[in-house]
Number of protein chains: 2
Amino acid sequence: MASIKDVAAAAGVSVATVSRVLNAHPSVSADARTRVLAAVEALGYRPNAVARSLRTDQTHTLGLVISDVLNPYFTELARSVEEEARALGYSVIIGNADERPDLQDHHVRNLLDRRIDGLLVSPTDGGSPLMLDAARAGTPMVFVDRWIPGVDVPVVRADGRAAVRDLVAHLYGLGHRRLAIIAGPAATTTGSERVEAFREAMAEYGMPLPDAYTGQGDFQAESGRRVTEGFLDLPRPPEVVFAADNLMALGALDAVRARGLRVPDDIALAAFDDIPWFVHTDPPVTAIAQPTGELGRAAVRALVDRIEGRVPRSVTLPARLVVRRSCGEPAPAAAPPAQSPSPVQRSTS
Amino acid sequence: MASIKDVAAAAGVSVATVSRVLNAHPSVSADARTRVLAAVEALGYRPNAVARSLRTDQTHTLGLVISDVLNPYFTELARSVEEEARALGYSVIIGNADERPDLQDHHVRNLLDRRIDGLLVSPTDGGSPLMLDAARAGTPMVFVDRWIPGVDVPVVRADGRAAVRDLVAHLYGLGHRRLAIIAGPAATTTGSERVEAFREAMAEYGMPLPDAYTGQGDFQAESGRRVTEGFLDLPRPPEVVFAADNLMALGALDAVRARGLRVPDDIALAAFDDIPWFVHTDPPVTAIAQPTGELGRAAVRALVDRIEGRVPRSVTLPARLVVRRSCGEPAPAAAPPAQSPSPVQRSTS
DNA sequence: GCAGAGCATGGAATCGATTACATGGATGTC
DNA sequence: GACATCCATGTAATCGATTCCATGCTCTGC
């Protein structure tokens with residue numbers, strides 16, 4: 001592969017001049033410029049990004065460590081992150097942690113070794129020493145979706161409290177009183193927050209959330225299945241299961257179906273995170289939708305602000321309830337996106 | 001960030017010795033080794049992968065350019081690719097082409113500039129000059145899922161011919177005679193092949209495939225919706241719609257639902273590419289399942305063989321039909337994975 | 001006509017690693 | 001005891017870019 005030396009030789013100039021042409025430095029004669037450009041063209045020369053990065057100490061690359069690529073929520077997030085980054089002149093390297101702290105560390109280390117300019121993380125756990133050190137050492141970093149409390153890093157996330165309250169109101173209105181939740185890992189903020197919000201909203205309606213009705217999941221489908229089976233085995237099973245993410249909802253659906261039961265007649269179901277497929281499941285699933293694309297874009301903007309010396313800002317956007325049929329409401333006929341407005345409209349910071 | 005010089009200074013040795021310790025070179029005294037290791041630990045030193053790559057001309061990185069991250073088929077592929085690569089000591093950088101040739105070129109160029117060791121591509125089109133040049137120039141490369149005819153690059157893919165034949169037999173057996181297909185872009189091999197296989201299988205049963213029943217899609221949901229609407233507007237709409245990928249099937253489902261029609265009573269639906277959600281759609285969707293994980297792993301093995309000087313082999317694995325209820329077969333009660341065996345069992349090369 | 005400014009250019013240092021080669025000391029062989 | 005081997009180590013070249021600095025030339029202004 002041709003290097004800058006080959007171009008210089010072919011154009012009859014020094015490597016310095018070639019570099020100047022390539023970097024749009026003003027002090028280059030028109031003649032030299034055309035000769036260099038011709039040589040570049042003739043040789044099919046492309047600058048070696050590795051060498052350039054070594055010299056300039058910038059890679060123009062962002063690292064994105066997400067918890068699970070198979071989760072449609074995260075793939076949508078990844079897509080919007082890449083899009084915005086590209087628009088700002090950065091590339092993105094994605095690391096999939098698969099909800100495993102060891103894998104998360106593997107990817108963080110790998111990205112750090114590659115000297116990425118900044119790191120976008122949706123942490124799988126409370127923060128390994130590696131990640132905490134990186135944050136302390138001043139690696140430009142932004143948390144997205146989930147975050148680690150006590151670490152001084154901007155956070156871009158959705159606030160689901162209001163939407164969860166809307167959901168509980170919706171369920172209460174339909175006559176449901178025994179609500180259960182499949183929680184995410186307590187070590188993640190989204191894991192604990194969603195349970196908290198659910199519990200508080202239930203309290204407002206005078207409904208307790210017994211331990212037997214809070215199952216521990218890990219954001220993966222299999223755990224949703226397992227926890228739901230536990231609920232169904234209870235002497236007095238819940239009337240509603242609220243899954244803290246879409247994959248656990250899929251698992252719950254599997255479990256209900258395996259017993260030959262029907263949603264919502266035998267048991268109602270709701271989920272955090274809305275995805276296109278929820279419109280077409282049997283029945284369509286009531287879910288809390290996050291502004292995923294906006295989240296990804298805002299996170300990139302915050303990170304790039306930090307990298308380029310501006311002051312990054314944390315961002316919190318509201319999530320909203322999308323009512324469908326899985327909790328028992330009569331079907332709103334067959335209109336496609338089937339999003340009835342939230343029962344109560346609240347705004348969030 | 002500490003460099004190898006800092007470590008050398010701290011350990012009281014030369015950088016060469018540090019490098020030797022780090023690369024497990026045999027000629028290092030036990031004493032020097034422990035001092036270096038201690039210095040590494042104390043400084044939290046991590047080798048700079050950029051510098052290392054520049055010197056060794058290897059990045060231990062594979063590029064993966066896929067057609068669409070939002071397609072669950074490709075995210076599963078990406079996941080298995082990353083897994084196998086990691087097991088073999090490589091990282092993966094993913095580029096999402098979004099079915100756009102210009103974006104595909106952008107990513108290929110970016111990956112080439114980064115001097116990745118090899119490229120895994122699922123081409124969105126017939127091959128840009130850039131990609132053809134890269135292949136000719138000897139960049140280690142493997143095509144996965146889709147490929148470009150006439151280019152001397154190993155291909156790892158699934159053969160769906162037998163499964164498509166099984167599908168047509170299944171449809172015929174259910175009494176369907178007017179079958180339509182939503183094809184993928186003709187520029188992609190999977191786009192044209194699936195139509196070919198469908199047409200041939202239909203011919204075996206004496207059924208023609210009129211032009212009005214072959215809609216042109218682009219593997220994205222929106223095109224599935226549009227084409228399906230066209231089918232439904234026909235004076236004599238088809239009895240079955242076969243979508244050449246899962247996203248177009250989702251779009252088709254949207255279109256059918258928007259008209260207040262029901263699957264399979266009003267129109268039957270089948271799809272290429274099986275995904276977990278198809279079990280829970282209304283109704284569960286009959287689909288052709290590819291051995292996605294195996295495909296990804298085989299592709300990585302082939303590419304790494306090529307990179308490390310061994311001879312890479314093309315691999316073709318059979319796809320198989322998974323019958324569910326969307327084409328009208330009576331429901332096989334409520335057993336979860338609901339996979340009845342293929343009507344006819346054939347093996348493929 | 002000359003000083004000073006400004007421009008185009010090249011030489012060489014530099015980034016952080018790896019590695020060929022040189023060196024000096026210890027060990028082994030006959 | 002002399003010489004060859006081998007081992008541990010250091011010096012310096014190298015990968016492909018960017019960029020500081022020096023140089024020589026052309027203008028401009030007085």
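Residue numbering restarts at 1 for every chain, and letters A, B, ... go by the order of the sequence lines.
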Using the closest heavy atom to pick a nucleotide of DNA chain D for each, name whichever of Ala16(B) or Ala51(B) lands nearer the 5' end. Ala16(B)
So Asp57(B), base contact, sugar-phosphate only, or nothing? Heavy-atom distance under 4.0 Å. nothing
Among Ile148(A), Val65(A), Asp145(A), Val142(A), find the residue that satisfies the side chain to side chain contact (heavy atoms under 4.5 Å, CB included) test when tested with Val121(A). Val65(A)
How would you label the contact of Ser19(B) with the nucleic acid (heavy atoms, under 4.0 Å): base, sugar-phosphate, or nothing? base
Any side-chain heavy atom of Asp305(B) within less than 4.5 Å of one from Arg313(B)? no
Any base atoms under 4.0 Å from Ser27(A), or only sugar-phosphate, or nothing? Heavy atoms, all strands. base
Can you give me the first and the last nucleotide of DNA chain D (5' to 3') that has an atom within less than 4.0 angstrom of a non-hydrogen atom in chain B? dC7(D) to dG16(D)
Figure out the CG/P separation between Asn23(B) and dA20(C), and round it to whole Å. 12 Å
Ile4(A) side chain near Tyr45(A) side chain, heavy-atom distance below 4.5 Å: yes
Looking for any heavy atom pair under 4.0 Å, which part of the strands does Val50(A) touch: base, sugar-phosphate only, or nothing? nothing
Search all heavy atoms of Leu317(B) against all heavy atoms of Glu294(B) and return the closest pair with its distance. CD1-CG, 3.7 Å
Both Ala32(A) and Pro47(B) contact DNA chain C. Taking the nearest nucleotide for each, which residue is further toward the 5' end? Ala32(A)
Scan Ala49(B) against the nucleic acid and name what it touches under 4.0 Å (heavy atoms): base, sugar-phosphate only, or nothing. nothing
Given atom NE2 of His25(A) and atom C1' of dC7(C), what is their separation to the nearest angstrom? 9 Å
Note: for Arg46(A) and Val13(B) on DNA chain D, the residue whose nearest nucleotide lies more 5' is Val13(B)
Short side-chain donor-acceptor distance under 3.5 Å, Arg114(A) and Asn110(A): yes
Between Ser67(A) and the options Arg146(A), Gln220(A), Gln104(A), the side chain to side chain donor-acceptor pair (under 3.5 Å) test singles out Arg146(A)
May I have the distance from Arg55(A) (atom CZ) to dA12(C) (atom P), rounded to whole angstrom? 16 Å
Measure from NE2 on His60(B) to C1' on dT18(C) and round the result to the nearest Å. 13 Å
In a check of side chain to side chain contact (heavy atoms under 4.5 Å, CB included) between Asp6(B) and each of Leu43(B), Val18(B), Val40(B), which one passes? Leu43(B)
Taking only side-chain nitrogens and oxygens of Ser14(A), does any of them come within less than 4.0 Å of OP1 or OP2 of dT9(C)? no
Once hydrogens and angles are ignored, does a donor-acceptor distance under 3.5 Å link the base of dT18(C) to the side chain of Arg52(B)? no
